[in-house]
Amino acid sequence: MVREWDPRTASSDEVASVLDTLNAVLAADLPQDPPWRESSLREYLSEVMPGERRISWVAQAEPGPDGRPGPILGHVHVLLLGDIGVLEVLVHPDIRRTGLGRELVLLAARRVYQEGFQSIGVEVVGDTPAIAFYESLGFSREYVETRSVLDLGAVDWPALAEMATGIGAGYHLEFCPGGPPDDLIEAYARAKAEVRDVDDGELRPSSYDPQRLRDSLDTLHRRGMKPYIVLALHEHSGEVAGLTEVVVPAQHPTRADQYDTIVVQDHRGYGIDRAIKARMLLELRSAEPTLAEVQTWNAQANEAMLKVNAELGYRPDREWCEYSVDVAELVHRLDAAR
């Protein structure tokens, strides 16, 4: 049985069942990734930025002989974001290749089409069955990043402390747990708007407007995701010369996610990029003592940041790909195949 599903009103058993399927998918496709937890999972699946909407469906097994609801074996949601629908599909490994994945994609694609959107995008992890699945549906690869993972247990902490102080004269670093102070939010937004070290593609847009930055930080907190920021401040002007962001999700608190790392063009060449990332790791060691790993994504052409990450101890892991498709063509193709 496939039905539209709202995580905000779903039972605790249903949320737990979605988690079971998610962890089964991780165990099959990304066995080195930590399993997710139920902490704030409902909020993670339901909270969105102002102006965005998320629509979800689940595929649930028939009730058992005792009449209790069957487990949720498939889940799809689409985030209506700007001018694109961003798709995520989970199908339990035990029932793959039964057509359920295609059915879930068709449901989401029809809704995206009805809502007036022209394209669907999806993040697909390299060396997993999802690559062949989406390519068989007509999705085209648009963008590729390399995911790298840092094992904090293998970090040379004295060397890292030295890197954190290797910044040019006239700059100082500030650690901002929870987000930048409000008196710096406009300078922070200017730094993000001027230039970014990494183009993350269109499925993970950054926020450049001060109010949207506030909304973004508020949404992270509501989703159970703790942001940490290190700023490089130019002492003469007071401007934000560089920044790096890391988020620790309640859903997988042993592995943090690196978000933006930015050094403003006029302030490059002073060792800011390496210093702010090293300082971040030192702060996380104290702020998040149970944290074991940090994962980051970089464009393959971004040699400078890849070099910095290698110096910090990150090791390349997998390709992370963005695919997209014209939604009308996708609906037509899937309907014709039924």
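One is the number of the first residue; the rest follow in order along the sequence.
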Next on the checklist: Go through it in stages, so that I can follow the logic: the residues are Thr128 and Phe133, the test is side chain to side chain contact (heavy atoms under 4.5 Å, CB included), and I'd like the CA-CA distance, side-chain angles, deciding distance and then a yes or no.
Outcome noted: CA-CA 9 Å; Thr128 68; Phe133 172 71; over 6 Å; no

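- Tyr134 and Phe139 have perpendicular rings, their planes meeting at more than 60° on a 0 to 90° scale where under 30° would count as parallel.
- A salt bridge between Arg147 and Asp33 is present, with a side-chain N of the basic residue lying under 4.0 Å from a carboxylate O of the acidic one.
- If you chain together hydrophobic residues whose side chains sit under 4.5 Å apart, Val144 and Val124 never meet in one group.
- By the criterion of side-chain heavy atoms lying less than 4.5 angstrom apart, applied directly or through intervening Ile, Leu, Val, Met, Phe, Trp or Tyr residues, Val149 is not grouped with Leu284; the two fall into different hydrophobic clusters.
- Ring geometry for Trp36 against His252 counts as tilted: the plane angle lies between 30° and 60°, on a 0 to 90° scale.
- Nearest heavy atom pair, residue Leu291 against residue Leu152, reads O-CD1, 3.6 Å.
- With respect to the salt-bridge test (charged N to carboxylate O, under 4.0 angstrom), the residues Arg53 and Glu115 qualify.
- Residues Pro34 and Thr254 approach most closely at CB-OG1, 3.7 Å, considering heavy atoms.
- For CD of Glu135, the number of neighbouring non-hydrogen atoms (other residues, nucleotides, ligands) closer than 6.0 Å is greater than 12.
- Contact of the Val264 side chain with the His267 side chain is registered, since non-hydrogen atoms from C-beta on lie closer than 4.5 Å.
- Side-chain contact between Leu233 and Val240 is present, with heavy atoms from C-beta onward closer than 4.5 Å.
- With Gln251 contributing its side chain and Ser40 its backbone, the two residues share a donor-acceptor pair below 3.5 Å.
- For the pair Glu288 and Arg255, the salt-bridge criterion is not met [side-chain N within less than 4.0 Å of a carboxylate O].
- For Glu186, the CD atom counts as loosely surrounded, since its 6.0 Å shell holds 12 or fewer non-hydrogen atoms of other residues, nucleotides or ligands.
- Counting only heavy atoms from C-beta outward, the side chains of Leu100 and Ile95 approach each other to under 4.5 Å.
- We find the CD-NE2 distance between Gln60 and His75 to be 12.0 Å, quoted to the nearest 0.5 Å.
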Next on the checklist: Could you walk me through whether Arg110 and Leu334 satisfy the side chain to side chain contact (heavy atoms under 4.5 Å, CB included) test, starting with their C-alpha distance in whole Å, then the side-chain angles of each, then the deciding distance to 0.1 Å, before giving a yes or no?
Outcome noted: CA-CA 10 Å; Arg110 283 175 173 165; Leu334 290 172; over 6 Å; no

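- Taken together through direct or relayed side-chain contacts under 4.5 Å among Ile, Leu, Val, Met, Phe, Trp and Tyr, Met163 and Tyr314 form part of one hydrophobic cluster.
- The backbone N or O of Ser46 lies less than 3.5 Å from no partner atom in the side chain of His77, so there is not a single donor-acceptor pair.
- Here Ile229 contributes atom CD1 and Phe175 contributes atom CZ; the two are 9.5 Å apart, rounded to the nearest 0.5 Å.
- At least one side-chain heavy atom of Asp335 sits less than 4.5 Å from a side-chain heavy atom of Arg338.
- For the pair Leu26/Pro31, no side-chain contact is recorded, criterion being any heavy-atom separation below 4.5 Å from C-beta on.
- Nearest heavy-atom pair across Ala299 and Leu306 is O-CD1, 3.9 Å.
- Atom CD1 in Ile55 sits 10.5 Å away from atom CG in Asp6 (nearest 0.5 Å).
- Applying the 6.0 Å contact sphere to NE2 of His332 captures no more than 12 heavy atoms from other residues, nucleotides or ligands.
- In the model, Gln258 has a side-chain atom that pairs as donor or acceptor with a side-chain atom of Thr261 under 3.5 Å.
- The two residues Val112 and Ser119 have their closest heavy-atom pair at CG1-O, 4.2 Å.
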Checklist entry - Would Glu283 and Tyr228 count as a side chain to side chain contact (heavy atoms under 4.5 Å, CB included) if you check the C-alpha gap in whole Å, the side-chain angles of each, and the deciding distance to 0.1 Å? => result CA-CA 9 Å; Glu283 296 288 356; Tyr228 293 94; over 6 Å; no

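- Residue Tyr188 holds its OH atom at 7.0 Å from CG of Leu217, rounded to the nearest 0.5 Å.
- A salt bridge links Asp182 with Arg214: at least one charged nitrogen is closer than 4.0 Å to a carboxylate oxygen.
- No side-chain N or O of Thr219 forms a donor-acceptor pair with one of Glu47 less than 3.5 Å apart.
- Of the possible polar contacts, none joining the Arg42 side chain to the Val15 backbone as a donor-acceptor pair under 3.5 Å is found.
- The line from OG of Ser17 to CG of Leu22 is 11.5 Å long, rounded to the nearest 0.5 Å.
- Nearest heavy atom pair, residue Leu220 against residue Tyr259, reads CD2-OH, 3.9 Å.
- Between Arg285 and Trp157, the closest side-chain pair of non-hydrogen atoms falls below 4.5 Å.
- Using a distance-only test at 3.5 Å, with no hydrogens or angles considered, a donor-acceptor pair links the side chain of Arg268 to the main chain of Val263.
- Atom CZ of Arg8 sits about 12.0 Å away from atom CD of Glu43, to the nearest 0.5 Å.
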Next on the checklist: Evaluate Val48 against Leu79 for side chain to side chain contact (heavy atoms under 4.5 Å, CB included), listing each step before the verdict.
Outcome noted: CA-CA 9 Å; Val48 296; Leu79 179 66; 3.8 Å; yes

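- By the 4.5 Å heavy-atom criterion applied to side chains, Pro129 and Asp29 are counted as neighbours.
- Looking at Asp317 and Gln295, their side chains never bring a donor and an acceptor atom within 3.5 Å of each other.
- Residue Gln300 qualifies as enclosed at atom CD: its count of foreign heavy atoms under 6.0 Å is above 12.
- Under a cutoff of 6.0 Å and an axis angle of 45°, Arg141 and Tyr323 do not form a cation-pi pair.
- Between Lys192 and Glu245, at least one side-chain nitrogen of the basic residue sits less than 4.0 Å from a carboxylate oxygen of the acidic one, meeting the salt-bridge criterion.
- The pair Lys277-Asp273 does not meet the salt-bridge criterion, since no charged nitrogen lies less than 4.0 angstrom from a carboxylate oxygen.
- Classification of Lys307 and Glu303 as a salt-bridged pair fails, no side-chain N sitting under 4.0 Å from a carboxylate O.
- For the pair Gly74 and Ile72, the tightest heavy-atom approach, listed with the atom from each and the gap, is O-CG2, 3.4 Å.
- Between Ile120 and Val86, every side-chain heavy-atom pair lies at or beyond the 4.5 Å cut-off.
- Taking the ring axis of Trp57 as reference, the NZ or CZ atom of Arg3 does not stay both within 45° of it and closer than 6.0 Å to the ring centre.
- A continuous path of hydrophobic side-chain contacts links Leu330 to Val2 [ILVMFWY only; heavy atoms under 4.5 Å].
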Next on the checklist: Run the salt bridge (Lys or Arg N to Asp or Glu O under 4.0 Å) test on Asp218 and Arg212 for me, step by step, so that the C-alpha distance in whole Å, both residues' side-chain angles and the decisive distance to 0.1 Å come before the verdict.
Outcome noted: CA-CA 10 Å; Asp218 178 62; Arg212 187 159 178 82; over 6 Å; no

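- Hydrophobic clustering (side-chain heavy atoms under 4.5 Å, transitive across Ile, Leu, Val, Met, Phe, Trp, Tyr) groups Met280 together with Leu312.
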